[in-house]
Amino acid sequence: MAALSARLAAVLDALPLRPGMRVLELGCGPGALARAIAERVGPEGFVLGVDRSMMAVQAAERQSDAGNLKFRVVNAEGFHLKAGEEPFDLVVAIRVGALDGRHPELEAAALERLRAATVPGASLFIDRGDPLEEIGLHSEPAPAA
Ligand SMILES: C[S@@+](CC[C@H](N)C(=O)[O-])C[C@H]1O[C@@H](n2cnc3c(N)ncnc32)[C@H](O)[C@@H]1O
């Protein structure tokens, strides 16, 4: 397996990963980060890499044989859990156009989908910070007065 680039290694180290987590990567491309995350979350964890490009997903699948790692062709803004699929604990998106701040309508659609596909308290980590910005997906309701 090719070594992780320094850029993606910095992302990997910045993610609050724990063994057993279920992680969703949006815009996974050929899957380098997804593979590294799958190693970190271990056999009790699971990683789903999604990309709108079938070619990217096929390339990712060719390079990945871990049992806790799958890929799927889908847009970030159209993502939904399949029947029986458990929600994710953490979402990451690196260099994904729909989430780069220039497309607020796509971003709003993606965040809505992610709220429905993640556990309470889950966050989206995106490369708008140094190296990541954390976006909480489930804001708590204001306490009753
Ligand atoms: C610049 S590449 C980055 C790949 C990988 N995240 C990385 O950092 O190496 C952007 C990837 O995001 C995918 N992508 C762009 N917009 C997307 C969207 N709305 N939904 C899903 N994937 C998307 C592209 O097909 C491409 O594979």
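Each ligand, and each atom within it, is numbered from 1 in the order the structure gives.
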Taking both backbone and side-chain atoms of Ile94, is any N or O found less than 3.5 Å from an N or O belonging to ligand 1?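 In this structure, Ile94 places an N or O atom under 3.5 Å from an N or O of ligand 1.
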Does any N or O atom in Cys28 lie less than 3.5 angstrom from one in ligand 1, N or O only? no
Please examine the side chains of [Y] and [X], heavy atoms only from C-beta on, and report whether any two atoms are closer than 4.5 Å.
| X | Y | value |
| --- | --- | --- |
| Leu124 | Leu24 | no |
| Leu137 | Leu111 | yes |
| Val91 | Phe79 | no |
| Arg52 | Glu77 | no |

Euclidean distance, [Y] [atom2] relative to [X] [atom1], rounded to 0.5 Å:
| X | Y | atom1 | atom2 | answer |
| --- | --- | --- | --- | --- |
| Ile37 | Glu25 | CD1 | CD | 5.5 Å |
| Leu99 | Ile94 | CG | CD1 | 10.0 Å |
| Arg128 | Asp100 | CZ | CG | 7.5 Å |
| Arg35 | Cys28 | CZ | SG | 9.0 Å |

For ligand 1, which atoms, with element, lie under 4.0 Å from some heavy atom of [X]?
| X | value |
| --- | --- |
| Asn75 | 20 (N), 21 (C) |
| Glu25 | 6 (N) |
| Gly29 | 27 (O) |
| Ala98 | 19 (N) |
| Ser53 | 25 (O) |

Partner of Phe88 under side-chain contact (heavy atoms from CB on, under 4.5 Å), chosen from Leu81, Val23, Leu114: Leu81
To the nearest 0.1 Å, how far is [atom] from its closest protein heavy atom, and which atom is that?
| atom | value |
| --- | --- |
| atom 20 (N) of ligand 1 | Ala76 N, 2.8 Å |
| atom 19 (N) of ligand 1 | Glu77 OE1, 2.9 Å |
| atom 10 (C) of ligand 1 | Arg95 O, 3.1 Å |
| atom 8 (O) of ligand 1 | Arg7 NH1, 3.0 Å |
| atom 27 (O) of ligand 1 | Asp51 OD2, 2.6 Å |
| atom 23 (C) of ligand 1 | Arg52 CG, 3.7 Å |
| atom 4 (C) of ligand 1 | Gly27 O, 3.5 Å |

Examine ligand 1 and decide if any of its atoms is less than 4.0 Å from a heavy atom belonging to Leu26. no
Of all the heavy atoms in Val74, does at least one lie under 4.0 Å from an atom in ligand 1? yes
Using side chain to side chain donor-acceptor pair (under 3.5 Å) as the criterion, list what pairs up with Arg7, not counting sequence neighbours.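 None.
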